[in-house]
Amino acid sequence: MSDNNSDKNKSLWGGRFQEKTDAFVQRFTASESFDRRFYEQDIRGSIAHATMLNQTAVLNDEDFESIVQGLKDIQADIEAGNFEWSVELEDVHMNIEAALTAKIGNAGKKLHTGRSRNDQVATDVKLWLRDEIDIIVAELKRLQTGLVDLAEANAETIMPGFTHLQTAQPVTFGHHLLAWNEMLQRDAGRLSDCRKRLNQSPLGAAALAGTTYPIERKRTADLLGFDAPTNNSLDSVSDRDFAIEFCAFAATCLMHLSRMSEELVLWTSSQFQFIDLPDRFCTGSSIMPQKKNPDVPELVRGKSSRTFGNLMTMLTLMKSQPLAYNKDNQEDKEPLFDSVDTVRDCLRAFADMVPAIVPNKVAMYEAAKSGFSTATDLADYLVRKGVAFRDAHEIVGSAVAFGVEHKKDLSEMSLAELQQFGEMISEDVFEVLTLEGSVAARNHVGGTAPEQVKAAAQRAREAI
Ligand code: ARG
């Protein structure tokens, strides 16, 4: 026997090959270092496949039972750290199959009947992603619940609302937090769509054309908790839309978290001082003793970039790929894993941190007061007194210019001072110039009035 054909060097396709795979090519083409991550799903899929083959009498009872026992033992070995992964066996699928044959002998060689690694890997990745999605859904709900609780507790806390990062109109802190929750609620919808669409079983598509064995695709789909088998064998082994959709969800969700992060970073600064983050979410500086840095939101903001890159990687990977399976697809794993890890960890960090946010109500209130944030309210007041809106806008603009010059907010001006700009202004103007009056007046669905915020928090909680 030549060295190439000795059992030690024989790969699972050894029959056709005259020459051993180049050692570098072996490492270059292998995926076991990262795809071993879904060993549990691979074993689950194999047990379902074997169960179906046994029921259709392709596998006899004895072989079937020893396959299932062997696979369970392998799973225990992997979990105990007693499994020897081999780069020569290329990927998780062939590592496990070879270990099975080594353990149980000939029956192990029958497991791959009516199956290919092409439908196997598509199944494994879907099962794995589905499991991860369920964990991410839970973290997302935990974060949303924390946000809604904090919003409800701050339904009356007044802060400046911004456009162009300039003080615009007063809003309540609760309203601002519920705006964040809206973003996350849409993300949750995207994630649940993704889960729904991915939940079809590719098993049975085999390499690309299906198989000649009497298989029962619906049976394996049921055993694995899929809603149905996929419709087309060529599509089954080549579709990676589900991974792209997940990466799109992750990118959008991280984009949202980066926006929240940016605001948290601003708000903790000594210029804003709107909130305090407990020390456990911050770090100090090795040189500047006064520093308390908001590292968690900064890092989440930074990590969003990975998920954008991963989405672009996945789209580019699939662009122009001919049907059906191509080795290119092995490149789907690492970006997908990275997006899963990133979005899960960032949501976890946020879910832990949000309930610990301490609003500095005085600083928020003072900031809202100092930025002429009730200027629109004064204009609306003038309109109610019969002034055309454009003229009202002009009048209030002059009053603000006066305030800037004399360092006075509108509510700090005397009636006489205000009347220089419009004699229709009377004593009742001071009701609309207060921050409380301003927010309370926006009392409609989606508005910032405390009453509305409380009702919105209630609805949001039910929707989570
Ligand atoms: N490791 C491969 C992947 O990740 C498994 C499928 C390989 N199939 C094949 N015919 N080369 O996609």
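Atoms within a ligand are numbered from 1 in the order they appear, just like the ligands themselves.
Summary of contacts: the protein heavy atom closest to atom 11 (N) of ligand 1 is R117 NH2, 3.5 Å. Among all protein heavy atoms, the one lying closest to atom 2 (C) of ligand 1 is Q330 OE1, 3.3 Å. When hydrogens are left out, the protein atom nearest atom 4 (O) of ligand 1 is K333 NZ, 2.7 Å; that is the closest non-hydrogen contact. For atom 10 (N) of ligand 1, the closest heavy atom belonging to the protein is N118 OD1, 3.3 Å. Given atom 12 (O) of ligand 1, the protein heavy atom at minimum distance is Y325 OH, 2.5 Å.
Ring geometry for F272 versus F274: interplanar angle over 60°, hence perpendicular rather than tilted (30 to 60°). Between F38 and H93, the ring planes lie tilted relative to each other; the angle falls in the 30° to 60° range.
Counting only residues at least two apart or on different chains, the salt bridge (charged side-chain N to carboxylate O under 4.0 Å, His left out) pairs with a member in residues 299-308 are E262-R301, R306-D338.
A donor-acceptor pair shorter than 3.5 Å can be found between the side chains of Q144 and N181. Using modelled atom types and a 3.5 Å distance limit, the side chains of E298 and N293 yield no donor-acceptor pair.
Put simply, the side chain of N95 gets close to the backbone of S86: a donor and an acceptor are under 3.5 Å apart.
The ligand atoms of ligand 1 that sit less than 4.0 angstrom from a heavy atom of S31 are 1 (N). The distance from ligand 1 to the heavy atoms of D91 drops below 4.0 Å at these ligand atoms: 1 (N), 2 (C), 5 (C).
Taking only nitrogen or oxygen atoms, main chain and side chain alike, H93 does not reach within less than 3.5 Å of ligand 1.
Residue Q120 does not touch ligand 1, judged by heavy-atom distances below 4.0 Å.
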